[in-house]
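Working notes, beginning with the structure itself.
Within every chain, numbering begins at 1; the chains are lettered A, B, ... in the order of the sequence lines, protein sequences first and strands thereafter.
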Protein chains: 2
Amino acid sequence: MARRNPEETRQRILQAATDLFYARGIRAVGVDAIAAEAGVTKRTMYKHFESKDALIVCYLEARDEPVLTGLINSIANAPGDIADRIASMFIALAKRAEGKSWQGCPFARAVSELRDADTGDVAKIAGDHKHTFEHWLEMHLAADSVESADLVARQVMVLLDGCITQLLIHRDSSYAYASAKAARCLIRARCP
Amino acid sequence: MARRNPEETRQRILQAATDLFYARGIRAVGVDAIAAEAGVTKRTMYKHFESKDALIVCYLEARDEPVLTGLINSIANAPGDIADRIASMFIALAKRAEGKSWQGCPFARAVSELRDADTGDVAKIAGDHKHTFEHWLEMHLAADSVESADLVARQVMVLLDGCITQLLIHRDSSYAYASAKAARCLIRARCP
DNA sequence: TCCTTAGTATACCGATCTGTATACTAAGGA
DNA sequence: TCCTTAGTATACAGATCGGTATACTAAGGA
């Protein structure tokens, strides 16, 4: 089976790492398991990624765009004003969290798990990801003439990650509905 | 050094496990490191705890009361009405999160980290802990005549864990201030 | 005095961890 | 034809993992 497209092989390895890291946790998954899942020898894996740490970084960097796209679509494709549309994001989240394969936010979980090692890189990737979405929210809130769009965007970020944590612990979608109501309230209300 | 108080030895082991699990993560810490930190041989450790899994469970169960006490005190000892006092909890959290030893919520991190193994036990302990505090909040909100105290308590829980996640990722206390304002708004506002 | 208790010291088990070494194969281009 | 490329197969190194076995010591109570 030689002479395959190298880029395609690289993607298969990255996909295997993504599936396993997300499902079981980063520290819980060994490189042997990743290579086996990708249908590739460990030697080939190390030709494409110099170490497990590098693979972890690539895994997180690769999640940035699809996760953002999913969140943004759940807002952009919803009806109503900006408050309704952001509330819809929480409802969409509740639906996804019902599936067994849903395991929360890969960025928050990576930061939770890797507390001493290369926390620097991981925290930066996670922080950039969260900041990107916060900025997107701020712009869209401002476009709908919401006052203090920066503060409200930040509060929605807090609600989002809090909602994810509650869903992961309780597996009870009513936390998403409470979060949706809170978001609507914070976006619409004129708070002192 | 024989003939020590067994209960005191057990506590020393549990304290070492607590320090290491919280600082570095549960999967990242080996039983050898815990025994060494406790100044005890591995053999002694296994006389007090039958396995690492049992030690993990004891670690989490032992965190329940002190964590709750800390949160409750940061509310009970603050001035103002219930909205002000709950807002103070977020400010106190921001202060604690400035310290390097602060690493977020031990329960949420344990659930994040242990996704396949004995997730059952761990998720139950974490869920009970969160529910206990949510119930405490609900009672105190109701005592101050806040409408929909159950909903508002749930929303404060979402804000709390979201705030912790943001603080852990960004290490930026302004997220706590935004959370405090959100909590005040949700407690005081009459939302549709 | 003797036995139980609580612990130490040390060594080991098999498994798994990240990572590397050696040797081979099949596809395609010059 | 021959060389480079992309990969396989297998084995192993050195460390660490959770957990156990053997043999010993020192403090107290009966």
Q. dT5(D) P sits how many Å from Glu7(A) CD, rounded?
A. 17 Å

Q.
Looking only at the side chain of Val31(B) (C-beta and beyond, no hydrogens), which of the listed nucleotides dG18(D), dT18(C), dA6(C) gets closest?
A. dG18(D)

Q.
Starting the side chain at C-beta, find the nucleotide from dC17(D), dT8(D), dA9(C) nearest to Thr41(A).
A. dT8(D)

Q: Under a 3.5 Å limit for both distances, which nucleotide forms a Watson-Crick or G-U wobble pair with dG18(D), could you say?
A: dC13(C)

Q | Protein-nucleotide distance (Ile26(A), atom CD1; dC17(C), atom C1'), rounded to Å | A | 16 Å

Q) Is the shortest heavy-atom distance from the side chain of Leu55(B) to the side chain of Met45(B) under 4.5 Å? A) yes

Q) Who does dA13(D) pair with, Watson-Crick or G-U, both distances under 3.5 Å? A) dT18(C)

Q: Please state how far atom CZ in Arg27(B) lies from atom C1' in dT16(D), giving the value in whole angstrom units.
A: 15 Å

Q: Rounded to the nearest angstrom, tell me the gap between atom CE in Met45(A) and atom P in dT8(D).
A: 12 Å

Q: Mark yes or no for a side-chain to base donor-acceptor pair under 3.5 Å between Arg43(B) and dT10(C), with no hydrogen or angle criteria applied.
A: no

Q) Of the nucleotides dG7(C), dG18(D), dT18(C), which one has an atom closest to the side chain of Asp32(B)? A) dG18(D)

**Q.** Intermediate values then yes/no, side chain to side chain contact (heavy atoms under 4.5 Å, CB included), Leu93(B) and Ser74(B)
**A.** CA-CA 9 Å; Leu93(B) 180 59; Ser74(B) 72; over 6 Å; no

(Q) Suppose we define a pair by two distances each less than 3.5 Å, Watson-Crick or G-U wobble; what does dG28(C) pair with here? (A) dC3(D)

Q. Could one point to a donor on the side chain of Lys52(B) or the base of dG19(D) with an acceptor on the other under 3.5 Å away?
A. no

Q. For the side chain of His48(A), counting heavy atoms from C-beta on, which of dA9(C), dT18(C), dG7(D) is nearest?
A. dG7(D)

Q) Given atom NZ of Lys47(B) and atom P of dA21(D), what is their separation to the nearest angstrom? A) 12 Å

Q. Between Leu20(A) (CG) and dT18(C) (C1'), how many Å, whole number?
A. 16 Å

Q: Could you walk me through whether Ser148(A) and Lys181(B) pass side chain to side chain contact (heavy atoms under 4.5 Å, CB included), step by step?
A: CA-CA 12 Å; Ser148(A) 309; Lys181(B) 280 188 189 172; over 6 Å; no

**Q.** From dG18(D), dT8(D), dT18(C), nucleotide with atom closest to Tyr46(A) side chain
**A.** dT18(C)

Q.
So if I apply the side-chain contact (heavy atoms from CB on, under 4.5 Å) rule between Ile125(A) and each of Ile56(A), Leu60(A), Asp64(A), which one comes out positive?
A. Leu60(A)

Q | Approximate separation, where rounding is to 0.5 Å, of Arg12(A) CZ and Asn5(A) CG | A | 10.5 Å

**Q.** Nearest listed nucleotide, side chain of Thr44(A), among dG18(D), dT8(C), dT8(D)
**A.** dT8(D)

Q) Taking CD1 from Ile34(B) and P from dG19(D), how many angstroms apart are they, rounded to a whole number? A) 10 Å

**Q.** Whole-Å distance separating the CD1 atom of Ile13(A) from the P atom of dA6(D)
**A.** 13 Å

